[in-house]
Amino acid sequence: MILKYILTYFSILVDTSLPSVCSRKRSTLETTGAGMNKSKSNADKRSQRPAIARRTRSSSTAQPSQCQDSGLEKRRKQPDSDLDQDLSQKTVNRQARPASEAKQTKTTPAASQPGSAPNGSSATKSCNGLAAVAQLMKLGRCKNVVVVAGAGISTPSGIPDFRTPGTGLYANLDAYNIPYPEAIFNIDYFSNDPHPFFSLAKALYPGNHKPNYIHYFIRMLHHKGLLLRMYTQNIDGLEKVCGIPDDKLVEAHGSFATASCHLCYTPYPPEDAKHIIMSGNIPKCTFCTATVKPDVVFFGEDLPQKYFLHTKDFPKADLLIIMGTSLQIEPFASLVNTLRSTVPRLLLNRHAVGPFERVPLRRGDHMELGDLANTVRRFAEMLGWNNDIEELMKSQEQEQFIPTLVSTIPCRSRAGLSGSEGSDSDTDSKCSASSCPSN
Ligand code: CNA
């Protein structure tokens, strides 16, 4: 009898407690499951090349300084969460400000005013930084260099950037009658009224500008077998013109090299589009009659599939060089935070930007502030590359500056560049003793 009571008691206990345990477990599993589903769906999304749209750096994006201050584990995890967040949409941040203004609010109280190094100390630090990175390269420690670049590398070629006060495009948009500067590159705005963009496009279309020393420095990185990949936000095509091969280049914000319907994406002959736009007219889709535009990535549009190479490249990189960008546009800007924390990062820019605004700098971070062309020339001199670059520029200038032609010439047939110059697979086999910068 007693045994029966005990058994009944336990069966009641089991009946009442199990569901709550199970439901708790299920809810945990649901959470985990949701997380797993989420990551699975993220993975799926990534593999399907989902809507990765460009956006100006959002205030909701975790600040690099936060993650760096919160311990190694968090530091390692942060890039993923940044990316999860950033793998959403490229949209315009309503709080977008000129880099110089943004800097004031993003830096620590100890940081300096725009245009100067944080805490006034980085100028000294930066000189050492340039030499330190040159030394690492000479020692052969950097054989998988990733370059992340922006409009600042093309200002010496005469193409204005976005945000430089006075000369930047955003400071000179009065003529376009747009409500806010980014509207000129906003896909919804374009859909309503393509005229402002087409007016600007006339000035931006490739063909009127030449690559400069900075572009050729990056080309030389490739020539030396050290360039893993260049990620550029630029749409001017000068990377290709200077001879950086297609497979070494990710034009994350597209280019003028192709054109398509902005609604149904039917391809359109790029030269025809250029001709029509240059003559002040609007190219129309042959399929749905919507407006055709060059395949420059607008705010609210997806980034090209090639952008996803970063998931393979950044874990492999052993040096990141960031050049001429305000790091204000996502998801591109967050790329610089996806590097292993032990990998050196070198910022070459007029101002401290992104994670380089924090004081003190992260261990392994270096920056050189000032005019980019001067900085890169000094860097090349430290590496002993200056003459090579000058010669490369001369030989390239003897060729005709026809981007499409240059990009289709097989590497091996390019004048004077037989050595380590070559295909992606050649370059992936990396720096031979003879092509290492120390030689
Ligand atoms: P940005 O926001 O205008 O930033 C440029 C950065 O480069 C700023 O921090 C400047 O201080 C710095 N800079 C400019 N010139 C120099 C120089 N001579 N020496 C040192 N530093 C310099 O431009 P981002 O590239 O960061 O923004 C990305 C936008 C810009 C992308 O979507 C591009 O499509 C777009 N854009 C591209 C071009 C081009 O293709 N050449 C031109 C203008 C805008």
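Each residue takes its place number in the sequence, starting with 1. Remember, it's 1-based here, ligands and their atoms both numbered in the order they're listed. Scope of the values below: all heavy atoms of this structure, side chains included, with no hydrogens, waters or symmetry mates.
In summary, the atoms of ligand 1 found under 4.0 Å from a heavy atom of Ile329, numbered by their order in the structure, are 28 (C), 29 (C), 32 (O). Of all atoms in ligand 1, listed by their number and element, those nearer than 4.0 Å to a heavy atom of Asp371 are 18 (N), 19 (N). Close approach to Ser154 involves these atoms of ligand 1, each under 4.0 Å from a residue heavy atom: 41 (N). Against a heavy-atom cut-off of under 4.0 Å, Gly152 is close to the following atoms of ligand 1: 7 (O), 13 (N), 14 (C), 15 (N), 16 (C). Atoms of ligand 1 lying under 4.0 Å from any heavy atom of His253, numbered from 1 in the order shown and given with element: 31 (C), 32 (O). In the vicinity of Thr164, heavy-atom distances shorter than 4.0 Å reach the ligand 1 atoms 10 (C), 14 (C). Each of the following atoms of ligand 1 lies closer than 4.0 Å to a heavy atom of Ile235: 34 (O), 39 (C), 40 (O). Those atoms of ligand 1 with a heavy atom of Arg163 less than 4.0 angstrom away are 1 (P), 2 (O), 3 (O), 27 (O).
Using a 4.5 Å heavy-atom cutoff, the side chains of Phe217 and Leu348 are not in contact. Looking at Arg219 and Pro211, their side chains never come closer than 4.5 Å, going by heavy atoms from C-beta outward. Contact of the Leu136 side chain with the Pro344 side chain is registered, since non-hydrogen atoms from C-beta on lie closer than 4.5 Å. Side-chain contact check for Ile322 versus Asn349: every heavy-atom pair is 4.5 Å or farther apart.
Of the possible donor and acceptor atoms, none in the side chain of Tyr205 sits under 3.5 Å from a partner among the backbone N and O of Met278. Side-chain atoms of His215 come within 3.5 Å of backbone atoms of Asn212 as a donor-acceptor pair (strictly under, hydrogens ignored).
The part of Ile159 lying near ligand 1 is the side chain, judged by heavy-atom distances below 4.0 Å. Residue contacts with ligand 1, taken as heavy atom pairs separated by less than 4.0 Å, involve Asp236 via backbone and side-chain atoms alike.
The shortest N or O to N or O distance between Pro160 and ligand 1 is not under 3.5 Å. At a 3.5 angstrom cut-off on N or O pairs, Gly324 counts as close to ligand 1. Residue Gly150 places no N or O, backbone or side chain, under 3.5 Å from any N or O of ligand 1. Here's the thing with Ala373: none of its N/O atoms is less than 3.5 angstrom from an N/O atom of ligand 1. On a distance-only criterion, Gln328 and ligand 1 share no N/O pair closer than 3.5 Å. Checking only distances, Phe162 does come within under 3.5 Å of ligand 1, N or O to N or O.
At least one heavy atom of Gly370 sits closer than 4.0 Å to an atom of ligand 1. Residue contacts with ligand 1 include His351, since one or more of its heavy atoms lies under 4.0 Å from the ligand. Not a single heavy atom of Gly168 sits less than 4.0 Å from an atom of ligand 1.
The aromatic ring centroids of Phe198 and Phe190 lie less than 6.0 Å from each other.
Below 30°, between 30° and 60°, or above 60°: for Phe185 and Phe197 the angle between ring planes is above 60°, a perpendicular geometry. In this structure, Tyr307 and His310 have tilted ring planes: the angle between them lies in the 30° to 60° band.
One finds no salt bridge joining Arg358 and Asp365 here, because no Lys/Arg side-chain nitrogen approaches an Asp/Glu carboxylate oxygen to under 4.0 Å. Salt bridge Lys240/Asp246: present, at least one basic N to carboxylate O contact under 4.0 Å.
Atoms CZ and CZ, on Phe356 and Arg345 in that order, are 5.0 Å from each other to the nearest 0.5 Å.
Distances from atom 24 (P) of ligand 1 to the heavy atoms of Thr325, Ile214, Val353 show the closest one on Thr325.
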